[in-house]
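Encoded as structure tokens, the structure appears first; notes follow it.
Lettering of chains follows the sequences in order, A, B, ..., and the numbering in each one begins at 1. When reading the values below, keep in mind they use all heavy atoms of this one structure, side chains included, and skip hydrogens, waters and symmetry mates.
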Amino acid sequence: MTNQYIPQIIEKRWQDKWADTELYRSKVDWSKPKHYALTMLPYPSGDLHIGHWFAMIPSDARARFMRMRGYNVLFPMGFDAFGLPAENAAVQRNIHPARWTYANIERMRKQLRTMGAMFDWKREALSCDPSYYRWTEWFFKQLYLHGLAYRGEALVNWSETLQTVLANEQVIDGKDERTGQPVIQKLMTQWFFSITKYADELLNFDKLDWPEPIKIMQTNWIGRSEGAKVIFKTESGDEIEVFTTRPDTLWGATFMALAPEHELVEKITSPEQQDAVQAYIEQAVKTTEIERASESREKTGIFTGAYAINPVNGQRIPVWIADYVMITYGSGAIMAVPAHDQRDFDFARKYGLKIIPVIQPEGENFDGDTMTEAYVGSGQMINSAQFNGTACSNAKGRKNPGINAVIDWLEERGIGQEDINYRMRDWLISRQRYWGAPIPMLHKEDGNLEVVSDADLPVLLPDDVEFMPTGQSPLVYHKGFLNTIASDGSPARRETDTMDTFMCSSWYWFRYLSPQYNAAPFDPEEAAYWLPVDVYTGGAEHATMHLLYARFFNKVMRDMGVFDDTAAAMKTRGRDPDALFDEPMLTLRNQGQILGEETIGHYVLASGRWESKKLIADKVEVIDRSDAPKEFDGAQGEIMRRTENILQVQTASDELTTIEVTADAQITIPTLGESCSVTQLQHHLEIQRMSKSKGNVVNPDEFVQLYGSDTVRTYLMFAFDWQKGGPWNSQGIKGPQRFLEDVWSIVVDPAKDGLAETEAETKAARNLRRKTHQTIQACTDSLETFSFNTYIAALMAFRNTLHSAKRSALYGSPAWEEAIETMLTLLAPAAPHISEELWMRSGHQYSVHQQVWPAFDPEIAAEDEISVGVLVNGKVRDRFTAPADISQEDAIAQAQDLPGVKRHIEGKRIVKAIYVTGRLVNLVAK
RNA sequence: GCCGAAGUGGCGGAACUGGCAGACGCGCACGACUCAAACUCGUGUGGAGUAAUCCGUGUGGGUUCGACUCCCACCUUCGGCACCA
């Protein structure tokens, strides 16, 4: 057994031992409290990158910490394996999506194992496996049978050229990124889930320990607004329903505006306006929703030629089409009140439409012709017939007296009624793609729909498919898949849409409970013990969609009775199931993103001939920046960008100079020698998200090979604020590397000149014990609050203490032994391999991971001497040490006696003296 | 554009509930070891100044005995915006 720390040897050995002894198998054990720790499952994109480690390692460390604190911990892993990239690979490289996906999963599994995480691989779940998507389909069916799945219309990115739907990420500047062909917004019939039915319940976060920003974002995403719906009739009798949050301003409605996609547009447009409207719609469909919703963008519209009657006063008002009205919100039509809505105001001014103020504060005298902006404040109703004089506050809905009165009146007259609208839309789950879970529906010849029977689930994706370069889903062409028969024997066509992958990831933590279970999505016996998820970790980029869908799904499952067996099983075990199925994950914490490393470009001296402002260089030399000559005949500076043989170099004057390197130029890079190629020149890389195309992806495997998994783990926890993330820096890893090597040598190497100390309570031993307990406290607090960097920092500081203690008489004393044992148990969650190895080497029983997290004693941790800073008028002037229990009077008296303080209070009067216990004295002198 | 967040030494970051800004580390400098380099060890390290001292947590204001922390306005960067996952 070597005394050298060689992570490459010990890590593999312990990983095997843990697997052999099933150290991380999580089994139901009702005698212990459970802890379900979940981290977002990865998409199998090909290689694990450092971002996956950053997400998973701290979660693993915390799961280990919980385990040491006596919990029976479940920490599973799987793959969210359906999705677009597999299909892109199929089109571009002619690989079947399944083959591509499973190969990636295999590779990533191996990489994941090198983490040394406590994943229980027996619980792995793959969303693209038929045994999994059988239940995804089953869930669809349940939602359908419970009236929560329906067909409706939604806008899609449509490529006329390819006759196919494009994902948002495939559309750049309104064009297909591959072909450059224009993309339009087209309405298409698709499947939806009625998430809006759960909107109000989703607004309730009472049971959740989730980050405040996430709750706010979800609340805003749902966007509940209270108001009224009112029916306007066109002169030809067509009804246009509008939703308004301001029924109190109905008398100020001077025009109506329909979304370009509104179904009435075609019908009500007058013959004279037909061509103009047609042309307008054609250009409007090219605009994305974000652009249309932008308030800074100039609003556009066109008159339909039709008029509607304002039901409250019989006024004849024009009906327009405007692109700031969204078909996806409300009814896709608005009543426009330019005097009191800025968007309507801008529109009215642009097109010369009437503006009638109907709310006016005390002391104002609004005139629609001269108003410069919409008035959105409180006031009294004017120009509103019998409502004139009614007060309108800033309150929303019924709480506003004006709105309240008007709604009552509308309801009495049957013109409108109170209504609530949500910004959130129903969940569109249809995807016109192959690589997703099939929607188990049949279209019968008579036009009716039929849901596939349970016995026929899952509807399998056919393997023998070919990807046409058109981009169309191959399911559409696959006769064997497409043609089937309905239950009555009549011919039927299968639904060719597949499901949104968010559907797969809306229930995966249930599948982890029993991935082989066949009778239901999950085994109620497992669920009764493990549910709900206690801690969920993942990126904040999932704030609204995934996390909202997950909550919705959980509530739907509850209401459909999917948890009934689980609740029954809980009861037989004496666990009260009440309210346990309202939310899927009780605690949520988000980590940030690891960005690419900033790299500095080569500093070059280039010489050749100038062509106006461009240098044609036949000689390029890379030099050290500090060796840069003051004057140089040519160009010098850092390479900021390089495209082929064109360099953009930042010169001393901070300008970019273009250098064209000739084909036969002599290029010298000191580390690589002479005659280098232009492609070996390194250019400056800014801090950006990692992506293959930018060439800034950090591969963790390299670092694991070089430093070992424990070092990479420790570094990732130490070097970043976990919630924030930040740019990767490969330099900083030296700190954690030295730290682990120090811990190793502290434990393994004999002390050079330490004396064995047996005497129990010398002052030095007391100090070491104090530090030991302070470290326990710091580590415990940090891990509880997900502050992984301060957890490691506390261990490093403890290392420093042990380092000097080792050279003192403390070495070998009981206090020393306690300290070492504590160090190894505290380190175990962060660096599981080295702590296991050292645990064994210091004569303990396998395994360190089955030890109890050390308890800290506040009395041992307490300082008996404190250092008090003394401030005069808020500025530090001196300090003194005192017993920790010094009284306020004594502290203030001592403070005034200090030489550094006297200097500053001389000739002044102390008007106030503040003592902050154990910290500082502030003297206010005048 | 809208919603959410962040901004602290050369760099990553720390700072309990408003209480001594810069813990812990990287880097750097000097010294020891070495023929030498690397490693390792020791010391120092926010900036300016010989010093007293002054300045300093994105910018500008405010509240307070005291502000990285609270309030107002602004700037920059990042995440999300419904078919990337």
Side-chain angles (χ1 to χ4, degrees), chain A residues 40-43 45 80 82-85 88 154-157 165-171 190 211-214 216-221 223 289-297 328 423-433 436 500-502 505 539-546 548-549 590 592-593 595 598 687 689 715 718-721 723-729 731-736 738-739 741 745 778 781 787 789-790 792-797 799-800 803 867-871 873-877 879 903 911-925:
Chain A
M40 289 180 186
L41 82 179
Y43 176 78
S45 53
D80 184 16
F82 275 134
L84 193 59
N88 287 340
L155 287 173
V156 294
N157 298 312
V165 179
L166 298 174
N168 287 342
E169 68 158 15
Q170 295 174 309
V171 181
Q190 307 186 73
E212 214 53 42
I214 301 283
I216 293 169
M217 279 190 268
Q218 291 203 347
T219 302
N220 293 340
W221 180 270
E289 197 164 339
I290 290 180
E291 283 166 7
R292 281 174 57 176
S294 169
E295 276 178 23
S296 64
R297 177 175 162 274
T328 49
R423 199 192 72 96
M424 178 172 67
R425 314 200 281 261
D426 274 340
W427 177 8
L428 190 162
I429 58 138
S430 280
R431 297 293 181 270
Q432 289 71 41
R433 306 195 188 285
D500 180 6
T501 55
F502 276 126
S505 57
E541 65 271 23
H542 293 291
T544 43
M545 306 182 67
H546 164 61
L548 210 46
Y549 296 148
N590 300 117
Q593 268 184 353
L595 306 171
E598 177 171 33
I687 297 168
R689 257 171 116 155
Y715 180 49
F718 176 65
F720 303 87
D721 172 351
Q723 314 243 348
K724 218 169 75 186
W728 170 261
N729 175 328
Q731 276 291 311
I733 198 166
K734 291 241 181 298
R738 285 173 197 151
F739 163 63
E741 272 169 356
S745 73
D781 289 353
S787 306
N789 49 357
T790 54
I792 304 295
L795 289 174
M796 284 179 169
R799 171 267 315 257
N800 294 341
H803 199 78
S867 169
V868 181
V870 184
L871 289 66
N873 293 331
K875 281 185 181 153
V876 188
R877 296 302 180 185
R879 55 194 316 107
R903 228 188 359 253
V911 283
K912 202 168 185 182
I914 296 136
Y915 174 58
V916 180
T917 314
R919 292 178 181 275
L920 59 86
V921 171
N922 189 14
L923 303 171
V924 185

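Within the 4.0 angstrom heavy-atom criterion, no nucleotide atom of any strand lies near A:Ser45. No engagement by A:Gly539 is indicated, since no non-hydrogen atom pair under 4.0 Å with the nucleic acid exists. Counting any heavy atom pair closer than 4.0 Å across all strands shown, A:Asn873 reaches no nucleic acid atom. Within the 4.0 angstrom heavy-atom criterion, base atoms lie near A:Phe502. Using a 4.0 Å heavy-atom cutoff across all strands shown, A:Arg423 reaches at least one base atom of the nucleic acid. When heavy atoms are screened at a 4.0 angstrom cut-off, A:Gln190 is found touching base atoms of the nucleic acid. Nucleic acid contact for A:Leu84: sugar-phosphate only, since backbone atoms but no base atoms lie under 4.0 Å from a heavy atom of the residue. Residue A:Asn922 is in base contact, counting any heavy-atom pair closer than 4.0 Å across all strands shown. Within the nucleic acid shown, A:Val911 has no heavy atom closer than 4.0 Å to any nucleic acid atom.
The residue among A:Ser787 and A:His542 whose nearest nucleotide of RNA chain B is located toward the 5' end is A:Ser787. Across the interface with RNA chain B, nearest-nucleotide mapping of A:Ala794 and A:Ala719 shows A:Ala719 to be the residue nearer the 5′ end.
Not counting sequence neighbours, the partners of A:Ser430 by the side chain to side chain donor-acceptor pair (under 3.5 Å) test are A:Asp497. Residues satisfying the ring pair (Phe, Tyr, Trp, His ring centres under 6.0 Å) criterion with A:Phe718, sequence neighbours excluded, are absent altogether. Residues passing the ring pair (Phe, Tyr, Trp, His ring centres under 6.0 Å) test with A:Tyr549 are A:Trp427, A:Phe502, sequence neighbours excluded. For the side chain to side chain donor-acceptor pair (under 3.5 Å) test, no residue two or more places apart in sequence or in another chain qualifies with A:Arg423. With sequence neighbours excluded, no residue forms a side chain to side chain donor-acceptor pair (under 3.5 Å) with A:His542. The side chain to side chain donor-acceptor pair (under 3.5 Å) test applied to A:Asn157 returns A:Asn168, A:Gln185, not counting sequence neighbours. By the ring pair (Phe, Tyr, Trp, His ring centres under 6.0 Å) test, A:Tyr43 pairs with no residue at all, sequence neighbours left out.
Rounded to a whole angstrom, the distance from the C1' atom of B:U59 to that of B:G10 is 22 Å. Distance check on atom P: B:C84 versus B:G13 gives 30 Å, rounded to whole Å.
Between A:Gln593 and A:Arg689 the shortest side-chain heavy-atom distance falls below 4.5 Å. Between A:Val870 and A:Arg879, every side-chain heavy-atom pair lies at or beyond the 4.5 Å cut-off.
In the 5' to 3' direction, nucleotides of RNA chain B lying under 4.0 Å from heavy atoms of chain A begin and end at B:G1 to B:A85.
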query: Reading RNA chain B 5' to 3', how would its secondary structure be written in dot-bracket notation, given Watson-Crick and G-U pairs with both distances under 3.5 Å, brackets [ ] for crossing pairs and | for partners on other strands?
result: (((((((..(((......[....)))((((((.......))))))(((....)))..(((((..]....))))))))))))....
